[in-house]
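All ligand and atom numbering here is 1-based and tracks the order in the structure.
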Amino acid sequence: MDEIVINGGKSLAGEVAISGAKNAALPMIAASILTGGVFSFSNVPALKDIKTILALISCLGAEVSREEDTAVIDTSNLSVFEAPYDLVRQMRASILVLGPLLARLKKARVSLPGGCAIGARPINLHLKGLARLGADIKLEHGYVEASADRLVGDEIFFDIPTVTGTENLMMAATLAKGTTVLRNAAREPEIVALADMLNNMGAEISDAGTPAITIRGVEGLNPVSAEIIPDRIEAGTYMVAGALTQGRVLIKDCEPDHLKAVISKLREAGADVSVSGKNIEVHGNTPIKSIDIKTLPYPGFPTDMQAQFMVLMAVAGGLSVISETVFENRFIHVSELKRMGTDIAISGSHAMVKGGKRLSGAPVMATDLRASASLVLAGLVAEGTTRISRIYHLDRGYERLEEKFSGLGADIRRVPGGGA
Ligand code: UD1
């Protein structure tokens, strides 16, 4: 297996362009199931999770082709309603095909996503919502089996704002009879991007991006071309890298409006952050201060940036408390970060990070996507060499990571096969 090897201690400087957002591309690609025809997506990142959703959709009978950052999907002959275990187990977000399959083919059989490194991550709210729209739902042999001649709009109240749950229900409700209102809906920018695409297809969705989304069901939808929005978590990761290495990094082609919580926290930590159009510049010209962080659904501070900020707090001036409220068990990066010299204590959903530590390079193992990003950041600022194994987690969500960091002056390379 490949490894990433980093010789730390370089201050990063230069420009980095942000790729399309994985978490926006996945539901938008799933939305192409809703009607037959040719869809074209641009700014699609070259990532393992995108390969998985494209493999899944072609397994359902769509024709898929990719050239550079464009994916063309012809769903005219899509007729298979089963998403098999082998694909779903590779990526939990495969559950996003459930709503659209049910709406178009009147039935769906989707493998239940298995256990997950960052807690139970159930899909009960997706299923409860679909049942509320009239779907008959059974769990048999590890699969969700859903059927409905035609879904019927209703009011759905989510116990917790769930991102993919909101997306699944929004897609399913586009073709339902009557009006659906999703309450306590997630408000992430990726949900707004999906709603924009669905409205271009002929759906009637209003107030996406607020906690109450209204979807008036329509009789049919049309295929469209859509551009994937920039990846706010990739952008945030490079922003932290700039501050952490006391560098000067210009993050280009991003959407600063989607990064307000991250920008605000970086400024509070003492970094100089300036925004101009689609660019953000981070100048880490002063020592980092310790701050407290609490993850929340959007527009709060994103859980997908928690691990990266923990590394920043490990080198900051004092004591920081990081509270994770979105996922249980999302501190799995801590044990590896401790091997690099950080001083972090966990108590329930809180991590106490004693800053001012000098990190030292070590062999470490990636555990999940964002945890792996934190190890890369730690490696960039550590003394000596860090070798990160199991980097397939990184390849799920960071496009050309080592190339982008090298471009900023980091000493980072991928070593194929884990050899020297
Ligand atoms: C999405 C993102 C992921 C991000 C997360 C939170 C995608 C593909 N992934 O994941 O990167 O970390 O949002 O911002 O967009 N929950 C339930 N029952 C459900 C669904 C969720 O209890 O049916 C709980 C989860 O366990 C979690 C919380 O709700 O505690 C939020 O999870 P959710 O927003 O659903 O995360 P994902 O959509 O899986």
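- A cation-pi contact, defined as under 6.0 Å to the ring centre and within 45° of the axis, links R109 to Y143.
- The closest side-chain donor-acceptor pair between E227 and S42, if any, does not fall under 3.5 angstrom.
- Taking a cut-off of under 4.0 Å to the non-hydrogen atoms of D304, the atoms of ligand 1 that pass are 3 (C), 4 (C), 11 (O), 12 (O).
- Looking at K265, its side chain does come within 3.5 Å of a backbone N or O of D292 through a donor-acceptor pair.
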Inset, instruction - Kindly indicate, with the supporting measurements, whether the criterion salt bridge (charged side-chain N to carboxylate O under 4.0 Å, His left out) is fulfilled by D304 and R330. - result: CA-CA 10 Å; D304 285 351; R330 207 180 198 180; 2.9 Å; yes
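- A side-chain donor-acceptor contact under 3.5 Å links E324 and T303.
- For atom 23 (O) of ligand 1, the nearest non-hydrogen atom from the set L96, L125, N168 belongs to L125.
- The aromatic rings of F309 and F301 lie perpendicular to each other, with more than 60° between the two planes, well past the 30° mark.
- The residues D395 and R390 are annotated as not salt-bridged, no charged nitrogen and carboxylate oxygen being separated by less than 4.0 angstrom.
- Contact atoms of ligand 1 toward R330: 12 (O) (distance under 4.0 Å to a heavy atom of the residue).
- Annotation for ligand 1: atoms under 4.0 Å from non-hydrogen atoms of H126 are 23 (O).
- Geometrically, ligand 1 and E167 share no nitrogen or oxygen pair separated by less than 3.5 Å.
- At least one N or O atom of V163, backbone or side chain, sits closer than 3.5 Å to an N or O atom of ligand 1.
- Distances from atom 20 (C) of ligand 1 to the heavy atoms of P122, G165, A21 show the closest one on P122.
- Close approach to V326 involves these atoms of ligand 1, each under 4.0 Å from a residue heavy atom: 27 (C), 28 (C), 30 (O), 31 (C).
- No side-chain donor-acceptor contact under 3.5 Å links Q246 and H283.
- Those atoms of ligand 1 that come under 4.0 Å of a heavy atom in T303, given as number and element, are 6 (C), 12 (O), 14 (O).
- Those atoms of ligand 1 with a heavy atom of I123 less than 4.0 angstrom away are 19 (C), 23 (O).
- Contacts between I160 and ligand 1 below 4.0 angstrom, taking non-hydrogen atoms only, involve the side chain exclusively.
- Taking distance alone, with nitrogen or oxygen atoms compared against 3.5 Å, K22 stays at or beyond that limit from ligand 1.
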